[in-house]
Amino acid sequence: MQPLPVAATADGTSQADLTRNWWQWAASFDSASSPVADRTGERCGNGQSGAVWFLAGTYGSSAVHRTCRMPAGKQLFFPLINYVVMPRYDHSIPCKEARLTAHEITDSAMGLFAELDGRSFTDLAAHRVATTECFNVAARSSGAPDLSPSASDGYWLLLPPLPAGTHHLRFGGSLPSLRQDLEYTLVVE
């Protein structure tokens with residue numbers, strides 16, 4: 001099994017739009033229910049819907065191992081390393097500037113890696129995806145202020161549905177200010 005090419009869609013949705021959806025999903029939780037803040041994987045099903053199952057990165061740079069139970073038949077979408085630029089509550093930025101900043105920050109990506117069941121994926125630099133339009137990262141967050149224009153850039157993988165059973169997925173990478181090192185035990189049921 002190999003990651004799908006960047007031009008591939010998931011249930012008719014482009015990977016650029018999936019990155020927006022992923023950020024809105026990741027930002028929609030308080031810390032107590034966030035899959036991103038989760039250290040064990042018990043929250044990996046929170047907020048999941050549709051044909052694509054999102055896997056969370058982490059806050060901070062420490063390695064994390066999660067066990068995640070998920071339904072069969074779902075494509076997986078997750079960031080090796082990514083970055084989002086959004087306005088601060090007291091200062092807005094133009095969309096063009098947000099997109100340029102996200103691009104510049106992720107130009108310095110290093111050490112990208114991903115492996116499934118012990119088999120490494122290659123050519124990970126070809127999986128760079130940026131949002132094509134700015135968006136409100138807080139769109140799914142009840143009562144949150146409008147955080148637009150937001151823009152994202154990074155390295156993402158879209159995998160076809162995994163067969164039923166237990167799978168081991170490792171992925172990550174580094175930016176000058178961030179490192180991701182995640183290991184998931186995926187129990188596909």
Side-chain angles (χ1 to χ4, degrees), residues 1-29 34-36 38 41 44 47-61 63-64 66 68 70 74-86 98-117 119-135 137 139-140 150-162 167-184 186:
M1 175 178 297
Q2 289 294 315
L4 297 171
V6 169
T9 62
D11 200 31
T13 303
S14 72
Q15 290 182 48
D17 287 343
L18 284 174
T19 66
R20 177 201 63 225
N21 297 350
W22 185 93
W23 277 109
Q24 290 172 336
W25 167 78
S28 70
F29 304 97
S34 171
V36 180
D38 181 15
C44 74
Q48 301 281 3
S49 64
V52 178
W53 189 271
F54 294 139
L55 293 178
T58 62
Y59 296 125
S61 294
V64 174
R66 297 175 176 140
C68 175
M70 62 174 287
K74 303 279 187 179
Q75 289 181 289
L76 287 172
F77 189 70
F78 54 94
L80 303 178
I81 194 80
N82 61 354
Y83 199 84
V84 67
V85 174
M86 64 186 105
R99 292 182 69 214
L100 180 62
T101 301
H103 181 79
E104 288 173 346
I105 288 171
T106 54
D107 263 349
S108 301
M110 302 169 286
L112 300 174
F113 67 93
E115 65 179 47
L116 177 64
D117 296 332
R119 293 187 56 206
S120 294
F121 296 134
T122 59
D123 199 21
L124 297 174
H127 291 271
R128 187 171 187 175
V129 181
T131 51
T132 55
E133 298 176 4
C134 287
F135 62 99
V137 75
R140 289 180 57 178
S150 296
S152 169
D153 202 325
Y155 298 84
W156 301 79
L157 294 185
L158 176 63
L159 297 181
L162 300 175
H167 302 276
H168 299 281
L169 177 67
R170 285 194 64 234
F171 61 90
S174 298
L175 297 174
S177 63
L178 174 68
R179 184 176 70 86
Q180 296 281 276
D181 184 351
L182 292 112
E183 184 176 347
Y184 274 88
L186 299 169

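If you read the sequence from its start, that first residue is 1, and numbering goes on from there.
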- For the residue pair Leu169 and Phe78, establish whether any side-chain heavy-atom pair is separated by less than 4.5 Å. yes

- Task: Would you check if the side chain of Glu183 reaches a backbone N or O of His168 as a donor-acceptor pair within less than 3.5 Å?
- Result: no

- Closest heavy-atom pair and its distance - Val84, Ser150: CG2-CB, 4.4 Å

- Task: Say whether, by atom type as modelled, one donor and one acceptor occur between the side chain of Gln2 and the main chain of Thr122 under 3.5 angstrom.
- Result: no

- Looking only at atom types and distance, does a side-chain atom of Arg179 sit under 3.5 Å from a main-chain N or O of Ser61, one as donor and one as acceptor? yes

- Item | Minimal non-hydrogen separation, Thr132 against Ala16, with atom names | CG2-CB, 4.0 Å

- Taking all atoms of both residues into account, what is the closest heavy-atom pair of Ala109 and Tyr155, and its distance? CB-CE1, 3.4 Å

- Note on the structure: Between Trp25 and Gly47, the two heavy atoms sitting closest are CD1-O, 3.5 Å

- Task: Would you check if Ile81 and Ser174 make a side-chain contact, meaning some heavy-atom pair closer than 4.5 Å?
- Result: no

- Message: Given 3.5 Å as the limit, does a donor-acceptor pair link the side chain of Gln180 with the main chain of Phe171, or not?
- Response: no

- Query: Quick one: CG on Asp17 to CD on Glu133, what's the gap to the nearest 0.5 Å?
  - Reply: 7.5 Å

- Without swapping roles, check the side chain of Gln24 against the backbone of Ala139 for a donor-acceptor pair under 3.5 Å. no

- Item | Heavy-atom pair of closest approach, residues Ala126 and Val6 | O-CG2, 3.1 Å

- Message: Measuring only between side-chain heavy atoms, which start at C-beta, is Leu157 closer than 4.5 Å to Leu124?
- Response: yes

- Report the distance from atom CG of Leu186 to atom CG of Asp117, rounding to the nearest 0.5 Å. 8.5 Å

- Task: Could you tell me whether Lys74 and Asp11 make a salt bridge, using a distance below 4.0 angstrom between a side-chain N and a carboxylate O?
- Result: no

- Query: Does some side-chain heavy atom of Val52 sit less than 4.5 Å from a side-chain heavy atom of Leu18?
  - Reply: yes

- Item | Arg66 side-chain N/O to Leu55 backbone N/O, donor-acceptor pair under 3.5 Å | no

- Task: Give the C-alpha distance, both sets of side-chain angles, the deciding distance and a yes or no for side-chain contact (heavy atoms from CB on, under 4.5 Å) between His167 and Tyr184.
- Result: CA-CA 8 Å; His167 302 276; Tyr184 274 88; over 6 Å; no

- Task: Calculate, to the nearest 0.5 Å, the distance between atoms CG and OH belonging to Asp107 and Tyr83 respectively.
- Result: 14.0 Å

- From Asn21 atom CG to Phe135 atom CZ, the distance as rounded to the nearest 0.5 Å: 9.0 Å

- Task: Search all heavy atoms of Arg170 against all heavy atoms of Phe113 and return the closest pair with its distance.
- Result: NH2-CE1, 3.5 Å

- Query: Do Leu116 and Leu162 pass the side-chain contact (heavy atoms from CB on, under 4.5 Å) test, and can you show the C-alpha distance, the side-chain angles, and the key distance before you say yes or no?
  - Reply: CA-CA 10 Å; Leu116 177 64; Leu162 300 175; 3.7 Å; yes

- Message: Taking Thr131's backbone N and O only, do any of them form a donor-acceptor pair with Ser152's side chain (distance below 3.5 Å, no angle check)?
- Response: no

- Item | From Trp156, Trp53, Trp22, residue fulfilling ring-ring contact (aromatic ring centres under 6.0 Å, His included) relative to Phe77 | Trp156

- Query: Quick check: does any side chain N or O of Thr101 sit under 3.5 Å from a backbone N or O of Ala98, one acting as donor and the other as acceptor?
  - Reply: no

- Task: Determine whether more than 12 heavy atoms belonging to other residues, nucleotides or ligands lie under 6.0 Å from atom CZ of Phe29.
- Result: yes

- Stepwise side-chain contact (heavy atoms from CB on, under 4.5 Å) test for Leu76 and Met70: CA-CA 10 Å; Leu76 287 172; Met70 62 174 287; 3.7 Å; yes

- Query: For His127 and Leu80, what are the C-alpha separation, side-chain angles and deciding distance, and is it a side-chain contact (heavy atoms from CB on, under 4.5 Å)?
  - Reply: CA-CA 9 Å; His127 291 271; Leu80 303 178; 5.6 Å; no

- Message: What's the separation between atom CG in Asn82 and atom CD1 in Ile105, rounded to the nearest 0.5 Å?
- Response: 11.5 Å

- Message: Salt bridge check, Asp153 against Arg99: does any charged N sit closer than 4.0 Å to a carboxylate O?
- Response: no

- Quick one: pull up OG in Ser28 and CH2 in Trp23 and give me the separation to the nearest 0.5 Å. 12.5 Å

- How about Phe54 and Pro35: do any of their side-chain heavy atoms sit closer than 4.5 Å? no

